[in-house]
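Quick notes on the structure that follows.
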Amino acid sequence: MGYPHPPHPKETVVLSQYFGDPEARTYEGWKKRGGYTALEQALSMAPGEIIEIVKESGLRGRGGAGFPTGLKWSFMPKEKTKPHYLCCNADESEPGTFKDREIMRWTPHALIEGCAIAQYAIQAEVTYIYIRGEFTEPLAIMQQALEEAYRHGILGKDAMGKKGLRLDMYIHRGAGAYICGEETALMNSIEGRRGNPRIKPPFPAAYGVFGMPTTINNVETLAAVPHIINRGAAWYKSLSLSSPKSTGTKLFSVCGHVRKPGNYEVTMGFPLGELIYDLCGGMREGRKLKACIPGGSSVPILNREETESCLLDYEGCIEKGTMLGSGGVIVFDDSADMVYQIMRLARFYAHESCAQCTQCREGTAWTVRILQRILAGEGEMKDLDLLLELAEQMTGKTICVLSDSCAAPVVSGIKKFRDEFEAYIKGARRPVTALA
Amino acid sequence: MPTVTVNGKRVNAPEGATILEAARLAGIEIPTLCWYPKLPVVGNCRICVVSVEGQPKLLPACATKVSDGMTIATESEEAVEARREVLRLLLERYPADHLRNGGRAQPRNEFERYVVQYGVEPTPVAERDLSLREGDERPGDPMIRHDMSLCILCTRCVRACEDIQVVGVLDVAYRGEHAQIIVGNDGDPDKAACTWCGECVRVCPTGAIFEVLPRERFGEHPVRSDRVVRSVCPYCGVGCQVDLHVRDNEVVRVTSPDILLDTPNQGSTCVKGRFGYDFVQHRDRLTRPLIRKGWVKREGRWVWEGPTGELRRSGPWRTIAGEGVELKPPAPPRATGKRLRDLPLLERVTQDIRDRAATPAEWYEPFREATWEEALDLVASELARIHRERGPGAMAVFQSAKCSNEENYLLQRLFRARFGTNNVDHCTRLCHSTSVSAMQAALNTAAASGSMREIEEACDVIFIAGANTTETHPVFGAAIKRAHKRGAFLIVADPRKIELARRADIHLQMQPGTDVALFNAMLNHILACGLENQEFIAKRTKNFEAVRRAVQPYTPERAEAITGVPAALIREAAERYARGPNTTTLWAMGLTQHLTGHDMVTALLNLILATGMIGRWGAAMMPVRGQNNVQGASDMGAIPFVYPDYQPVSDPKIREKFARVWGVDPESMSLEPGLKVTEMAREDSPIRALYIMGENPIISDPDIAHAEAWFATLEFLAVQDLFLTETARYADVVLPGASFAEKTGTYVNTERRIQIAHKAIEPPGEARADWEIIVDLSNRLGLPTPFKSPEEVMEEIRKVAPAWAGVTYRRLEGAGLQYPVPTEDHPGTPFLFADRFPTEDGKATFHPVEYSDPAELPDEEYPFVMNTGRQLYHWHTGTMTRRSRGLDAREPLAVVEIHPEDAEELGVTEGDPVRITSRRGTIVTSVRISDRVARRQVFVPFHFREAAANLLTSPVLEPHAKMAELKVCAVRIEKVPVEAAV
């Protein structure tokens with residue numbers, strides 16, 4: 001549902017069905033809406049069965065990478081020799097993305113239920129829900145819901161009335177670092193260390209939080225799990241408009257130059273053009289679409305033609321040279337200064353670099369400086385080559401993909417909007433000196 | 001074993017090896033910056049990336065494990081390009097203007113060498129987009145400072161601090177381009193518990209973290225040395241190997257040798273080893289022999305024409321007791337902050353601390369400079385005269401745990417062979433003599449059974465009794481902390497809450513001197529639970545039943561009443577100890593320096609034997625030796641009852657053997673064990689002539705006031721030392737010896753490792769290597785001593801010491817040898833007693849021991865228990881460390897550690913002067929408030945002449961080894977009004 005807008009007929013409302021419905025936040029309200037039946041059912045199955053169902057459903061990670069969820073769960077050791085952990089990544093910090101926030105705000109019990117099922121499936125004793133520090137309202141709501149869940153015996157000792165089953169869930173609040181949304185940095189942060197991504201391998205399923213086997217899933221991914229259990233893998237799998245490898249529904253957070261920004265839930269493979277023009281009401285009066293970032297700030301920018309022909313699933317985006325990412329759709333109309341926008345993006349990454357890897361620490365900062373120089377009218381043509389050279393070194397060379405994320409908009413921006421860069425360099429545009 | 005191909009070469013790499021390790025096996029170097037041996041791999045500098053066939057991305061060689069069949073190209077075009085780019089990015093923040101043009105011929109550090117190697121040209125600083133990096137500068141620090149513009153954020157320093165030294169002073173703060181290395185939270189290393197070990201200096205690849213000393217003295221840049229000489233640290237018994245960097249006959253810097261070598265320290269040092277070397281070049285060094293004015297040679301005979309009686313050995317100084325009661329000047333100001341500009345201007349001025357802790361000029365007044373000929377002639381003729389007139393019993397020698405094996409061997413040889421006396425001893429008397437006596441009785445051994453490395457590698461439970469390892473043996477202490485971090489269970493028995501006690505899983509904080517009750521109770525509980533090792537007891541020991549009976553009454557509850565340690569804790573510790581599976585037992589002065597020291601060690605040995613925690617890799621018995629060569633000096637026979645290698649003096653056959661090698665008549669050598677140090681310096685002592693090599697008993701002996709008076713009554717006193725020490729000022733002749741850096745010799749560390757230290761520089765002035773002095777003196781006295789080098793001395797030692805028979809100088813190069821080394825092809829012995837003990841029947845003997853109170857318990861008049869010991873920054877009587885600028889700046893003042901609540905009751909605060917009085921004497925010192933000490937206990941370090949702890953200690957002697965009870969004496973503490981003149 002395009003909260004805060006009424007649902008559009010083209011939407012497929014699953015996760016967002018109760019957005020805007022305060023009663024759904026409470027335990028009783030959630031029970032009334034069919035809550036915790038999936039968990040009940042899941043607990044009657046063997047953990048392996050649940051993993052099979054999720055595998056079969058085709059559910060893929062909604063945090064950005066799109067890794068098949070069931071497969072990820074199956075990497076956890078079958079023979080339990082050490083404690084297992086589940087981490088729920090609720091550190092939603094990707095610029096342009098605000099879907100997890102709404103899930104937690106309106107349907108906290110959906111997340112708890114999803115976590116509990118996943119936790120049971122991977123035989124973890126504890127779930128850590130790592131919530132972005134700035135999410136004060138979702139945090140309060142989640143805490144309230146968690147207390148309710150414990151109070152009603154959903155969690156804790158003998159969870160759901162099952163003798164000997166213990167499900168524990170803790171909320172860990174982030175402290176304002178974007179990088180802690182990276183799964184290994186998140187685990188370091190939970191452990192009380194500096195939030196630096198770790199080298200992989202070892203992967204979390206072998207050596208995760210506190211060095212124990214760990215699975216880490218996005219909020220939206222986990223919130224989809226109860227629906228899959230309730231309605232079956234086949235139903236979920238059938239939700240696909242284009243590539244059969246992308247199934248289910250996806251929340252898209254649309255922001256920028258559209259009439260009706262908000263969260264929209266559509267079936268995988270939905271056309272991006274329709275999302276922007278129909279669901280979001282199109283551009284403002286007298287404006288034309290110029291560019292779009294379809295998957296949160298770290299994916300390559302699309303120009304108008306690409307945007308209008310892009311299908312919103314993992315494969316459709318790759319076809320256009322970008323990625324589905326987290327589903328944060330940022331729309332630019334023809335009033336946007338792309339050089340400035342790209343500098344803003346780069347500056348975000350430079351600010352958020354954990355500073356471990358050389359290319360990221362120095363590369364992001366240098367990229368920003370060069371872009372600022374260009375904006376100030378002090379750029380040279382060779383600066384564009386320098387930017388591309390830097391971007392090349394920032395791609396695929398570091399521990400995590402933060403520097404890749406910084407490079408992506410720069411590379412696609414120079415490729416697709418080179419005239420705007422050159423205009424600054426040649427003095428054809430008024431320099432921007434106040435770089436707020 | 002995976003086989004991989006690196007640059008076309010096939011290599012068999014061990015399982016789990018990284019690409020980097022595999023490449024090194026193939027002799028192929030891959031550049032690294034953040035990678036460093038022994039540090040956790042973080043793989044973040046990205047310079048070591050390589051191409052691997054079939055992999056879309058470049059992979060970090062340091063963090064990628066090889067798999068079978070991998071084909072690796074370390075210098076692929078892509079990899080080299082990425083590497084160059086990493087260097088270029090780092091250079092954009094680095095002050096690299098000197099690396100343009102001509103400067104490239106002389107890269108200054110590891111990082112710059114790569115820059116030159118890969119042909120990366122820096123942008124001129126003025127033309128850059130990015131600014132130089134910042135970070136905490138440690139301004140005003142006496143030893144370590146930072147120039148963070150040179151930092152490349154490889155974070156080696158952070159990991160070295162956290163993971164090797166287990167301290168955690170340094171960290172990375174902020175993000176992105178603002179990331180920087182910080183010191184604690186506020187730039188104050190003190191608050192961050194820095195120990196100035198300099199591990200960060202060692203690992204820094206750019207010199208962003210550097211030692212102050214070599215720059216300050218010689219200018220802005222680090223000093224380039226002419227050559228590097230391998231030596232052994234002159235401080236504690238860990239025996240760290242160090243590299244002395246020499247320029248113009250001065251040691252300008254100390255570094256630790258390659259971490260990958262099998263040395264005891266594996267590349268680490270502590271603050272003393274790395275920064276405490278400047279005493280060697282201190283202006284107080286004696287450069288010519290000194291003769292007390294009053295000695296004149298008339299008609300070929302030396303005669304004393306100076307004053308007699310009390311004035312015979314007097315001088316223009318206050319006695320130690322006199323100095324002790326004086327009010328002390330305050331400590332010099334200390335400066336900390338994050339940046340130099342944060343400091344008040346006044347504090348930026350570096351004080352020359354040499355003026356504070358130096359030998360007072362007037363101490364030289366009673367002496368005149370002399371030639372070696374005169375000085376040695378006087379010593380030889382006086383020693384010979386007194387020997388002739390008063391017999392062997394009047395002769396004595398204090399040898400030195402700071403001198404080499406060869407020197408100690410030669411000196412006892414001289415006294416035993418030429419003067420027929422066994423009055424030969426050294427500071428082991430006040431060190432591990434009780435351990436030796438107890439170990440001799442139980443196992444017929446006198447050294448540690450295992451190696452320090454066992455603790456880190458193989459032991460499951462570490463039991464430490466009375467050893468403040470992190471301060472007194474810091475490099476070993478760090479290894480213990482690493483072992484604990486990796487999961488070993490740590491039990492500490494110590495009346496003080498020392499660092500290890502704070503980290504320990506169990507801290508048994510007993511009342512001082514109650515260890516026997518504690519250990520007996522542990523054994524009692526182990527037997528009650530049936531956790532003893534019955535097989536070991538049956539096969540390897542005897543007399544167990546006596547001990548079983550003896551510990552019966554020592555229930556944990558009874559022990560609780562005596563020791564103050566809760567019975568439940570004693571039980572838990574006992575069970576953990578016995579369950580092991582591999583338990584290592586360490587102890588040091590906290591046990592030995594007691595009236596019942598021998599019993600305490602015996603009780604501990606009973607515990608070891610009953611649980612069989614000895615003779616396996618990981619189950620070691622380790623008395624942690626204090627001095628760098630206290631083990632060696634003992635091995636060389638610097639003890640009154642044994643010849644070298646612990647061969648008893650009372651055995652005529654052994655006497656015969658030594659007499660033959662030394663070329664003297666066996667009958668001229670004594671079969672009687674000699675007097676011990678603590679028996680000599682007493683009013684009723686028969687000693688008339690005393691020769692001291694490198695010891696300073698007037699600070700280190702108990703009840704100094706008496707000792708000082710006794711030294712003044714000697715007929716003849718010769719002292720061989722580096723400085724005019726508190727003891728040397730009473731001498732007739734002072735012979736200037738050589739420091740560790742100025743001579744070649746071998747030293748034995750606490751794990752029986754014989755190591756060689758090479759001569760790096762010439763002694764100052766006319767000072768001579770100590771072995772040369774003794775050879776000269778021996779020959780003058782008519783004892784054939786034909787040695788031309790220390791190596792020749794070792795050749796004789798090999799002949800007489802069976803455990804050393806396989807030791808040659810050539811074999812000692814590298815990591816040295818752990819004796820016993822019975823033959824030249826024997827590899828040395830990392831641990832002993834795998835299947836038998838060196839007793840006649842191969843069995844160890846249990847000896848039951850009973851608890852008895854310390855000699856002095858607190859009472860109404862003297863309500864506090866005083867404990868003495870060492871600090872991290874100082875060494876024993878301070879002759880070396882107090883002349884070392886960095887070390888003395890860290891601990892410039894004599895202090896007493898008092899519990900906060902006691903301080904409150906006394907109405908004193910940090911830094912206030914207090915008067916401490918025991919039944920023997922009084923000192924005035926300043927208060928340090930610390931909850932390391934328990935209530936009603938105080939700790940006084942014994943390094944300080946101006947407030948010598950040993951003025952207060954009791955001269956009561958332990959019956960077996962004649963050890964003094966230095967750890968317990970009753971004192972009274974009073975506040976001294978600041979304005980009051982004393």
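Below, all heavy atoms of this structure are taken into account, side chains as well, without hydrogens, waters or symmetry copies. Below, chains carry the letters A, B, ... as their sequence lines are ordered, and counting in each starts from 1.
Atom CG of residue L130(B) and atom CD of residue E362(A) lie 6.5 Å apart, to the nearest 0.5 angstrom. Taking OG of S353(A) as the reference point, atom NE2 of H178(B) lies at 10.5 Å (rounded to 0.5 Å). Once rounded to the nearest 0.5 Å, the distance linking CG of L89(B) with CZ of R361(A) reads 9.0 Å. Here Q356(A) contributes atom CD and C34(B) contributes atom SG; the two are 9.0 Å apart, rounded to the nearest 0.5 Å.
Residue A355(A) comes nearest to G176(B) through the heavy atom pair CB-O, 3.5 Å, listed as atom of the first residue, atom of the second, then distance.
Within 6.0 Å of atom NZ in K485(B), more than 12 heavy atoms from other residues, nucleotides or ligands are found, so the atom counts as buried in its surroundings. For Y174(B), the OH atom is loosely surrounded, since the number of other residues' heavy atoms within 6.0 Å does not exceed 12. Around CD of E53(B), the count of heavy atoms belonging to other residues, nucleotides or ligands within 6.0 Å does not exceed 12. Atom NZ of K245(A) sits in a sparse spot, with 12 or fewer heavy atoms from other residues, nucleotides or ligands closer than 6.0 Å. Within 6.0 Å of CZ in R193(A) there are 12 or fewer heavy atoms belonging to other residues, nucleotides or ligands.
Chain A is approached within less than 4.5 Å, heavy atom to heavy atom, by K57(B), L58(B), A63(B) from residues 56-72 of chain B, ordered by number. Interface with chain B: from residues 194-207 of chain A, residues R194(A), I199(A) qualify, criterion being any non-hydrogen pair under 4.5 Å. Residues of residues 380-405 of chain A that come closer than 4.5 Å to chain B, counting heavy atoms only, are L386(A), E389(A), L390(A), Q393(A), G396(A), K397(A), T398(A), I399(A), ordered by residue number.
Residue contact with chain A, scored on non-hydrogen atoms closer than 4.5 Å, involves the side chain of R133(B) exclusively. For I152(B), the part lying near chain A is the backbone, with the side chain staying farther off; criterion is any non-hydrogen pair under 4.5 Å. For a residue to count as touching a neighbouring chain, one of its non-hydrogen atoms must lie under 4.5 Å from one of that chain's; by this rule A79(B) does not touch chain A. No part of R128(B) comes within reach of chain A, as not one of its non-hydrogen atoms sits under 4.5 angstrom from that chain.
Each of E92(B), R46(B), R93(B), E177(B) has some count of heavy-atom pairs under 4.5 Å with chain A, and the biggest count is that of R46(B). Top candidate by heavy-atom pairs under 4.5 Å with chain A, chosen from D171(B), V41(B), L33(B), V42(B), is V42(B). Of the listed residues (C354(A), C360(A), A177(A)), the one with the most heavy-atom contacts under 4.5 Å to chain B is A177(A).
T358(A) contributes no side-chain N or O that, together with a main-chain N or O of V86(B), makes up a donor-acceptor pair within less than 3.5 Å.
For residues 76-96 of chain B, the pairs satisfying ring-ring contact (aromatic ring centres under 6.0 Å, His included) are Y94(B)-F111(B), with sequence neighbours left out.
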_Applying side-chain contact (heavy atoms from CB on, under 4.5 Å) to E85(B) and Q359(A), what does each step give before you reach the verdict?_
CA-CA 8 Å; E85(B) 202 60 28; Q359(A) 287 95 333; 5.8 Å; no
